[in-house]
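Naming: A, B, ... by sequence-line order, numbering from 1 per chain.
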There are 2 protein chains.
Amino acid sequence: MTVTLADVAARAQVSPATVSRVLNGNYPVAASTRERVLRAVDELDYVLNGPASSLAAATSDLVGILVNDIADPFFGIMASAIQSEIGGPGGRAGGERLAVVCNTGGSPERELTYLTLLQRQRAAAVVLTGGAVEDEPHAAAVASKLRKLADAGTRVVLCGRPPASDTGAIALTFDNRGGGRELTEHLIGLGHRRLGYIAGPEERTTTRHRLEGHRAALEAHGIEEDERWTVHGRYDRQSGYEATLELLRRDPSLTAVVAANDSVALGACAALRDSGLRIPDDVSVAGFDDLPFSIDAVPSLTTVRLPLAEAGARAGRIAMGREEPPPGGIATIRGELMVRGSSGGPRAS
Amino acid sequence: MTVTLADVAARAQVSPATVSRVLNGNYPVAASTRERVLRAVDELDYVLNGPASSLAAATSDLVGILVNDIADPFFGIMASAIQSEIGGPGGRAGGERLAVVCNTGGSPERELTYLTLLQRQRAAAVVLTGGAVEDEPHAAAVASKLRKLADAGTRVVLCGRPPASDTGAIALTFDNRGGGRELTEHLIGLGHRRLGYIAGPEERTTTRHRLEGHRAALEAHGIEEDERWTVHGRYDRQSGYEATLELLRRDPSLTAVVAANDSVALGACAALRDSGLRIPDDVSVAGFDDLPFSIDAVPSLTTVRLPLAEAGARAGRIAMGREEPPPGGIATIRGELMVRGSSGGPRAS
DNA sequence: TATCTCATAGAAAGCGCTTGCTGTGACGCT
DNA sequence: AGCGTCACAGCAAGCGCTTTCTATGAGATA
């Protein structure tokens with residue numbers, strides 16, 4: 001029914017071994033033979049059996065990319081960059097690799113299951129993007145899984161995720177804490193003293209680090225934080241909308257709202273507008289990430305730019321062994337403060 | 001070195017066959033035996049070898065999702081919905097499947113290569129999302145590939161993509177033409193007679209259909225189109241920005257700009273603003289897709305909502321054989337006109 | 001008690017490919 | 001002429017799992 005290597009061999013009048021070598025091109029084959037084989041492959045419309053090949057060679061050309069939310073451009077941009085370097089079809093990397101992105105939906109269990117599935121497939125490399133969940137048992141489980149993957153020869157790279165010590169994983173980490181601090185200091189520098197903060201989900205590293213940066217800035221400037229000023233939510237627009245209304249309810253005198261990311265900031269802007277407040281005249285707003293749409297917001301969003309594409313590309317190259325890992329296996333990638341229209345001095349009150 | 005089925009079998013004092021059956025759960029195994037096996041699996045930290053399993057069983061649990069641009073939420077949303085139904089980890093579908101999304105970057109070659117790679121892996125199903133390229137030889141190549149996949153037992157579903165006749169593929173198609181027409185008719189109804197159109201890349205079906213709808217509306221209302229009113233570009237924000245400036249240069253008297261999608265529309269808005277024009281007072285703007293950020297634009301975007309998540313979910317279910325394909329293998333999914341702040345009557349001139 | 005029927009478990013034959021090792025001529029060297 | 005070298009090509013042994021077919025013992029039935 002289906003064409004196999006043996007069929008091709010028969011047709012080309014060579015041994016299966018030769019066909020295999022022609023296809024893999026890592027062993028000398030006479031030009032004339034090669035041509036004959038290739039012709040047979042073509043005529044028979046032969047397609048290599050991936051599983052069989054992986055089994056025999058004990059390697060696979062699968063590369064996994066784990067993301068928390070594929071519908072979020074934050075991950076889409078990184079995934080796209082990683083993939084372009086992995087060399088899937090079209091990439092310039094040597095053999096063709098199947099770069100696959102797996103959507104964990106932010107769920108620890110799914111993350112683990114995907115890792116197992118990739119381990120099953122003997123993936124060549126795995127890149128985990130975005131913040132991790134801080135739940136201890138889960139973190140341990142993931143760490144152990146990563147170690148096993150690494151031990152089995154799978155290259156593991158973390159992109160935009162804190163280092164997982166002792167797992168052999170390379171980490172390219174975003175300096176969320178520093179970025180958060182810089183952002184809030186900018187606002188403080190403008191004169192704000194009452195700042196609301198819309199944080200992401202409680203248990204994520206990204207959430208915590210950005211919040212810590214924010215608080216460090218407040219503290220450094222002697223601003224005592226009111227606990228009513230922080231609200232936790234999801235990393236999406238709607239959450240930002242609701243959280244902002246909540247913040248306004250708690251303390252209508254806030255002059256600035258710092259959001260966990262740009263999507264949340266957009267929701268915050270909408271909520272402020274719907275509440276009859278002008279941005280930045282009445283309330284300043286700041287986001288994080290600098291996703292493409294941020295510059296198109298009205299007013300355009302003050303935010304911290306994270307070099308998502310660059311980081312992803314680098315992670316991809318490292319995963320493919322085409323770039324030296326950073327010394328110590330850890331690199332911190334800094335964000336860049338982008339001051340735009342959504343932040344200004346506080347209203348006189 | 002690595003633990004194999006045989007190791008587990010030895011440890012549990014059963015035959016490899018029994019272990020396999022316990023793991024696959026499709027053959028009666030005594031409870032006590034099962035338990036013993038499971039314990040051995042656990043103690044040995046055994047992970048099934050995917051390739052070996054796929055080879056022996058002649059099936060695989062890989063499901064491919066092809067997208068044009070993973071960084072674009074349009075695809076991200078669909079992919080996410082598809083994946084959730086595929087049942088990757090966390091989905092409710094039975095066995096665990098590895099749903100993988102492949103980023104073609106809109107390139108026909110990559111699309112083809114990914115299909116081949118998926119064919120190599122003997123994928124259980126493949127879902128192709130978004131518009132197709134209209135290049136004839138390529139279309140034929142893809143069609144032939146799809147047919148082969150289908151023949152080999154891979155379920156093929158097109159989501160948001162025109163039907164590929166005679167390939168055995170199920171198609172859930174968006175009614176881009178109808179949506180485009182409705183959108184433009186809305187604008188015409190408001191009194192606009194000079195409408196610019198920012199189209200997507202020339203050779204894509206989505207581009208052509210939306211444009212056809214637009215033109216049908218113009219024609220239906222006796223508006224003769226000036227060829228200067230149409231500009232082609234990419235499906236992104238920057239392209240919209242540039243195209244709008246170009247349109248304005250060609251004919252400053254335009255009172256409305258219809259964009260190929262929401263991202264483009266956002267760029268158009270920015271260009272208009274930068275040109276000192278108010279929206280919608282001076283120029284109305286309309287998008288397409290109704291991505292999440294569209295409602296947050298200022299003014300919020302008039303657009304055509306496409307039920308991306310619903311369509312994706314349905315495609316996923318069909319791919320898994322959990323839902324009946326539509327009669328004839330083809331379903332057309334209509335968009336819904338969302339009238340919002342970015343469209344209004346034309347300025348008196 | 002003898003026989004039949006189930007429910008389970010094992011033996012073994014592959015699945016389609018890769019690769020270490022073994023030919024085997026042709027060529028060039030002494 | 002004799003022999004080492006090389007460039008190719010083939011043999012055959014798996015890779016780790018699934019699954020058909022064949023035991024085997026325990027009840028059930030006659």
Side-chain angles (χ1 to χ4, degrees), chain A residues 1-38 40-41 44-62 95 116-117 119-124 152-153, chain B residues 1-38 40-41 44-62 95-96 117 119-124 152-153:
Chain A
M1 191 58 226
T2 61
V3 183
T4 73
L5 234 210
D7 298 331
V8 175
R11 171 128 198 168
Q13 315 214 48
V14 296
S15 72
T18 301
V19 177
S20 171
R21 300 205 255 246
V22 167
L23 261 25
N24 291 295
N26 46 17
Y27 191 89
V29 173
S32 65
T33 313
R34 180 199 319 293
E35 199 179 318
R36 203 144 30 92
V37 169
L38 257 17
V41 164
L44 261 37
D45 223 357
Y46 170 69
V47 176
L48 188 69
N49 181 313
S53 166
S54 294
L55 173 58
T59 62
S60 110
D61 49 9
L62 209 66
T116 303
L117 244 29
Q119 188 183 7
R120 262 213 211 343
Q121 300 302 325
R122 305 305 191 245
Chain B
M1 191 56 228
T2 63
V3 183
T4 73
L5 235 211
D7 298 330
V8 176
R11 171 125 195 170
Q13 314 214 48
V14 296
S15 72
T18 301
V19 177
S20 171
R21 300 205 256 245
V22 167
L23 262 25
N24 291 295
N26 45 16
Y27 190 90
V29 173
S32 63
T33 312
R34 179 202 318 295
E35 199 180 317
R36 203 145 31 91
V37 170
L38 257 17
V41 165
L44 260 37
D45 225 356
Y46 170 69
V47 177
L48 189 71
N49 181 314
S53 165
S54 295
L55 172 58
T59 62
S60 109
D61 49 7
L62 211 66
E96 296 196 322
L117 244 29
Q119 188 183 7
R120 262 213 212 340
Q121 300 302 325
R122 308 301 192 246

Any N or O donor-acceptor pair linking the side chain of [X] to the base of [N] at under 3.5 Å?
| X | N | answer |
| --- | --- | --- |
| B:Arg21 | C:dG10 | yes |
| B:Tyr27 | C:dA7 | no |
| A:Arg120 | D:dG16 | no |

- Contact check, side chains of B:Thr4 and B:Asn49, non-hydrogen atoms, under 4.5 Å: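 Of all side-chain heavy-atom pairs linking B:Asn49 with B:Thr4, none is under 4.5 Å.
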
- So do the side chains of A:Val29 and A:Val37 get within less than 4.5 Å of each other, counting heavy atoms only? no

From [atom1] of [X] over to [atom2] of [N], roughly how many Å is that when rounded to an integer?
| X | N | atom1 | atom2 | result |
| --- | --- | --- | --- | --- |
| B:Gln121 | C:dG16 | CD | C1' | 13 Å |
| B:Arg122 | C:dC17 | CZ | P | 8 Å |
| B:Leu55 | C:dA13 | CG | P | 17 Å |
| B:Asn26 | D:dT20 | CG | C1' | 13 Å |
| A:Leu5 | D:dC15 | CG | C1' | 15 Å |
| A:Asn24 | D:dC8 | CG | P | 17 Å |
| A:Leu23 | C:dT19 | CG | P | 13 Å |

Determine the contact category for [X]: base if any of its heavy atoms lies under 4.0 Å from a base atom, sugar-phosphate if only primed atoms, P, OP1 or OP2 are that close, otherwise nothing.
| X | result |
| --- | --- |
| A:Ala30 | sugar-phosphate |
| B:Thr33 | sugar-phosphate |
| B:Ala57 | sugar-phosphate |

- Message: Using only atom types and a distance under 3.5 Å, with no angle test, would you say the side chain of A:Ser54 pairs donor to acceptor with the backbone of A:Gly50?
- Response: yes

- Query: Between A:Arg36 (side chain) and A:Ala12 (backbone), is there a donor-acceptor pair under 3.5 Å?
  - Reply: yes

Distance below 4.0 Å between [X] side-chain N/O and [N] OP1 or OP2:
| X | N | answer |
| --- | --- | --- |
| B:Thr18 | C:dA9 | no |
| A:Ser53 | C:dT18 | yes |
| A:Ser20 | C:dT18 | yes |
| A:Ser15 | D:dA9 | no |

To the side chain of [X], which of [options] is closest?
| X | options | answer |
| --- | --- | --- |
| A:Asn49 | C:dG10, C:dG16, D:dG10 | C:dG16 |
| B:Pro28 | C:dT8, C:dG16, C:dT18 | C:dT8 |
| A:Ala56 | C:dC15, D:dG10, D:dC15 | D:dC15 |
| A:Thr2 | C:dG16, D:dT19, D:dT18 | C:dG16 |

- Hey, could you give me the CG/CG distance between B:Asp45 and B:Asp7, rounded to the nearest 0.5 Å? 12.5 Å

- Stepwise, does the side chain to side chain contact (heavy atoms under 4.5 Å, CB included) test hold for B:Arg122 with A:Val47? CA-CA 10 Å; B:Arg122 308 301 192 246; A:Val47 176; 4.1 Å; yes

- Toward the 5' end of DNA chain C, which comes first, A:Val47 or B:Ala31, by nearest nucleotide?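 Closer to the 5' end of DNA chain C: B:Ala31.
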
